[in-house]
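First the structure, in the form of structure tokens, and then the observations on it.
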Amino acid sequence: MPLPIQDATLLTAINFETGALSGQVVQKRYLSDLRGYFADEAAYAEALTHNDVLLYTVSSVEPAEGDGQMHYGLGILHPGKIGPEYFFTKGHFHTQREAAEVYVGLRGEGFMLLEHERTQESTLVAFGANQIVYVPGYTAHRTINTGTQPLAYLGIYPWNAGHDYGAIADRNFLKILIEHEGQPVLLDRDRWGDDGE
Ligand code: PAN
Ligand code: ZN
């Protein structure tokens, strides 16, 4: 016998078409929301004059607060590029730096770019359908879609993790993931523009 559902937050359905988790709002991030994030500023400005495309959506469930509680969100990141750089999420640290997060890939293919706050070490992890990435604390994380279909995933985190976008908005990640000769290539942001790319 299944347990009776006493609380609507016990069971949530995923709507891949709208990006919604049942009954929750869908936050939409458009190209114009990521001003200053992409390496190729000219390509960004050019793309924006044509179409302020939807880059990704996030829909979150926050069942309860307090010790031991978890929140989670559905992210759907669309495919595309600005210049040679693949579409990505803004990326953030958690406000509670020690808070880890589990990312569960549902659809599509791409990567997660991780950057440790103190060591500034970068790690690129393959991430897509049927893949799970553990994001440790003190680690900035960004999702990148290198495929041709939407990259859909769940992120599950302590209720009080919080999102700190400030550091990434100010200085961005140290690495960028670009398409080079049809392949994803990780490059130092500093090297961007050195050889005409
Ligand atoms: C995710 C992210 C989601 C969107 O649910 O919030 O991928 O990315 P940004 O928040 O960086 O725009 C998560 O990591 N939550 O903690
Ligand atoms: Zn997070």
Side-chain angles (χ1 to χ4, degrees), residues 9 12 14-16 18-22 24-38 44 52-65 69-80 82 85-117 122-129 131-147 149-177:
T9 55
T12 298
I14 295 172
N15 185 326
F16 286 105
T18 64
L21 293 174
S22 4
Q24 309 298 330
V25 295
V26 179
Q27 296 177 329
K28 297 184 176 180
R29 298 280 182 248
Y30 292 91
L31 188 58
S32 56
D33 295 317
L34 275 78
R35 186 174 297 280
Y37 279 77
F38 288 92
Y44 176 83
D52 188 9
V53 290
L54 179 65
L55 295 183
Y56 62 99
T57 58
V58 183
S59 184
S60 305
V61 177
E62 302 181 347
E65 300 185 350
Q69 302 302 319
M70 312 287 285
H71 290 178
Y72 60 95
L74 170 72
I76 300 185
L77 173 60
H78 294 279
I82 296 298
E85 196 176 17
Y86 299 100
F87 282 4
F88 52 65
T89 57
K90 285 184 172 185
H92 57 268
F93 290 98
H94 292 149
T95 312
Q96 301 293 326
R97 287 295 196 269
E98 64 275 21
E101 181 162 358
V102 177
Y103 268 70
V104 181
L106 304 173
R107 291 187 174 180
E109 57 182 306
F111 291 89
M112 288 195 70
L113 179 58
L114 309 180
E115 192 178 294
H116 192 272
E117 186 172 36
S122 299
T123 311
L124 187 69
V125 189
F127 178 58
Q131 291 173 312
I132 298 166
V133 174
Y134 183 81
V135 180
Y138 302 92
T139 305
H141 41 289
R142 163 175 285 171
T143 313
I144 305 171
N145 188 342
T146 55
Q149 303 297 319
L151 175 60
Y153 54 91
L154 291 175
I156 306 159
Y157 44 92
W159 75 278
N160 60 347
H163 296 86
D164 178 358
Y165 293 99
I168 296 303
D170 289 347
R171 64 149 179 76
N172 221 323
F173 284 74
L174 294 169
K175 305 275 186 182
I176 60 175
L177 191 69

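For ligands, and for the atoms within them, numbers begin at 1 and follow the listed sequence. Start at 1 with the first residue, then count along the sequence.
- Contact annotation: the side chain of His141 approaches that of His92 to within less than 4.5 Å [non-hydrogen atoms, C-beta and beyond].
- In this structure Asp52 satisfies the side chain to side chain contact (heavy atoms under 4.5 Å, CB included) test together with Tyr30, Leu31, Ser32, Leu48, sequence neighbours excluded.
- Residue Phe127 is tested with Phe111, Tyr103, Tyr134 for a ring pair (Phe, Tyr, Trp, His ring centres under 6.0 Å); the sole match is Tyr103.
- With waters neither drawn nor counted, the protein N/O/S atoms under 2.8 Å from the Zn ion (ligand 2) amount to 4.
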Quick check on ligand 1: any N or O pairs to the protein under 3.5 Å? One line per pair.
residue	atom	partner	partner atom	Å
ligand 1	7 (O)	Tyr153	OH	2.5
ligand 1	10 (O)	His92	ND1	3.3
ligand 1	10 (O)	Tyr165	OH	2.5
ligand 1	11 (O)	Gly91	N	2.8
ligand 1	11 (O)	His92	ND1	2.9
ligand 1	12 (O)	Tyr56	OH	2.5
ligand 1	14 (O)	His92	NE2	3.1
ligand 1	14 (O)	Glu101	OE1	3.0
ligand 1	14 (O)	Glu101	OE2	3.0
ligand 1	14 (O)	Tyr103	OH	2.5
ligand 1	14 (O)	His141	NE2	3.2
ligand 1	15 (N)	Glu101	OE1	3.4
ligand 1	15 (N)	Glu101	OE2	3.1
ligand 1	15 (N)	His163	NE2	3.1
ligand 1	16 (O)	His92	NE2	3.3
ligand 1	16 (O)	His94	NE2	3.2
ligand 1	16 (O)	Glu101	OE1	2.8
ligand 1	16 (O)	Glu101	OE2	3.3
ligand 1	16 (O)	His163	NE2	3.0

Got a list of side-chain donor-acceptor pairs under 3.5 Å for residues 56-64, not counting sequence neighbours?
residue	atom	partner	partner atom	Å
Tyr56	OH	Lys90	N	3.1
Ser59	OG	Leu21	N	3.1
Ser59	OG	Val25	O	3.0

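- Residues Val26 and Asn15 fail the side-chain proximity criterion, which asks for heavy atoms closer than 4.5 Å.
- Within the model, atoms OH of Tyr157 and CD of Gln69 stand 13.5 Å from one another, a figure rounded to the nearest 0.5 Å.
- Between atom OH of residue Tyr44 and atom CD1 of residue Ile82 there is a gap of 8.0 Å, rounded to the nearest 0.5 Å.
- Using a cutoff of 4.0 Å between basic side-chain nitrogens and carboxylate oxygens, Arg97 and Asp164 are scored as salt-bridged.
- Between the side chains of His94 and His163, no donor N or O sits under 3.5 Å from an acceptor N or O.
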